[in-house]
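Following: one structure in structure tokens, then a few remarks.
Computation of the quantities below employed the complete heavy-atom set of this structure, encompassing side-chain atoms and omitting hydrogens, waters and symmetry-equivalent molecules.
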Amino acid sequence: SVARADARMAKFFSGVFNYVFNELLVESLANSRAFQRFAVRTDKAMREAQASGKLTDVAKAPGEAAKTATEYGRAVWDELTRQAAEMERNAKQKAGGGK
């Protein structure tokens, strides 16, 4: 039926969109110095906390987890905002409006 075909088409486009979005996200984060610094600092802080005995289990440290999640979210948002602005500039230049 038409409804099933529409549902399959919507599912297909949703999958394509998710794939492309994930690829762009991974690519931009992999090339982001800010995100790389965040990852290195987080890893170092977690290793030091575990070594000092202050942190024996991540699940027992919701405050640290929240801080790390907030920092991660900020790094992701900053990178996505930068990438979106760059894509907009490129689109304007291609359209002749970014002179």
Side-chain angles (χ1 to χ4, degrees):
S1 77
V2 174
R4 269 193 195 158
D6 287 346
R8 278 186 263 166
M9 190 178 300
K11 186 176 180 180
F12 172 76
F13 282 116
S14 175
V16 169
F17 174 78
N18 284 334
Y19 174 78
V20 171
F21 179 76
N22 285 333
E23 287 297 312
L24 289 173
L25 180 64
V26 168
E27 180 74 23
S28 63
L29 289 178
N31 293 320
S32 166
R33 287 186 176 178
F35 183 75
Q36 291 171 2
R37 282 191 306 267
F38 158 76
V40 169
R41 280 183 290 166
T42 301
D43 180 64
K44 181 180 175 188
M46 295 300 276
R47 288 177 189 270
E48 288 174 355
Q50 285 178 331
S52 70
K54 292 180 182 177
L55 180 64
T56 56
D57 187 3
V58 175
K60 294 179 182 177
E64 285 297 316
K67 180 180 173 185
T68 300
T70 299
E71 198 172 320
Y72 173 77
R74 189 174 302 120
V76 169
W77 179 254
D78 290 346
E79 184 59 25
L80 288 175
T81 302
R82 187 186 70 73
Q83 288 287 322
E86 185 177 323
M87 289 171 70
E88 186 175 357
R89 279 192 306 273
N90 289 342
K92 284 181 180 177
Q93 286 177 346
K94 285 182 181 178
K99 296 177 182 176

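- Grouping Ile, Leu, Val, Met, Phe, Trp and Tyr residues whose side-chain heavy atoms lie under 4.5 Å apart, directly or via other members, leaves Met87 alone, with no other cluster members.
- Listed by first and then second residue, the ring-ring contact (aromatic ring centres under 6.0 Å, His included) pairs involving residues 74-94 amount to none (not counting sequence neighbours).
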Exercise for the section: Take Arg47 and Asp43, measure what salt bridge (Lys or Arg N to Asp or Glu O under 4.0 Å) needs, and give me the verdict at the end. Expected result: CA-CA 6 Å; Arg47 288 177 189 270; Asp43 180 64; 2.8 Å; yes
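- Rounding to the nearest 0.5 Å gives a distance of 5.5 Å between CD of Glu86 and CZ of Arg82.
- With contacts defined as side-chain heavy-atom distances shorter than 4.5 Å, the pair Arg74/Thr70 qualifies.
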Please list, one pair per line, the donor and acceptor atoms closer than 3.5 Å that link side chains of residues 18-32 to other protein atoms, with sequence neighbours excluded.
unit_1	atom_1	unit_2	atom_2	d
Asn18	ND2	Ser14	O	3.3
Asn22	ND2	Asn18	O	3.2
Glu27	OE2	Asn31	ND2	2.8
Ser28	OG	Leu24	O	3.0
Ser28	OG	Leu25	O	3.0
Asn31	ND2	Glu27	O	3.1
Ser32	OG	Ala34	N	3.4
Ser32	OG	Phe35	N	3.1
Ser32	OG	Glu79	OE1	3.2

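- Put simply, OG1 on Thr42 and CE on Met46 are 8.5 Å apart, with the number rounded to the nearest 0.5 Å.
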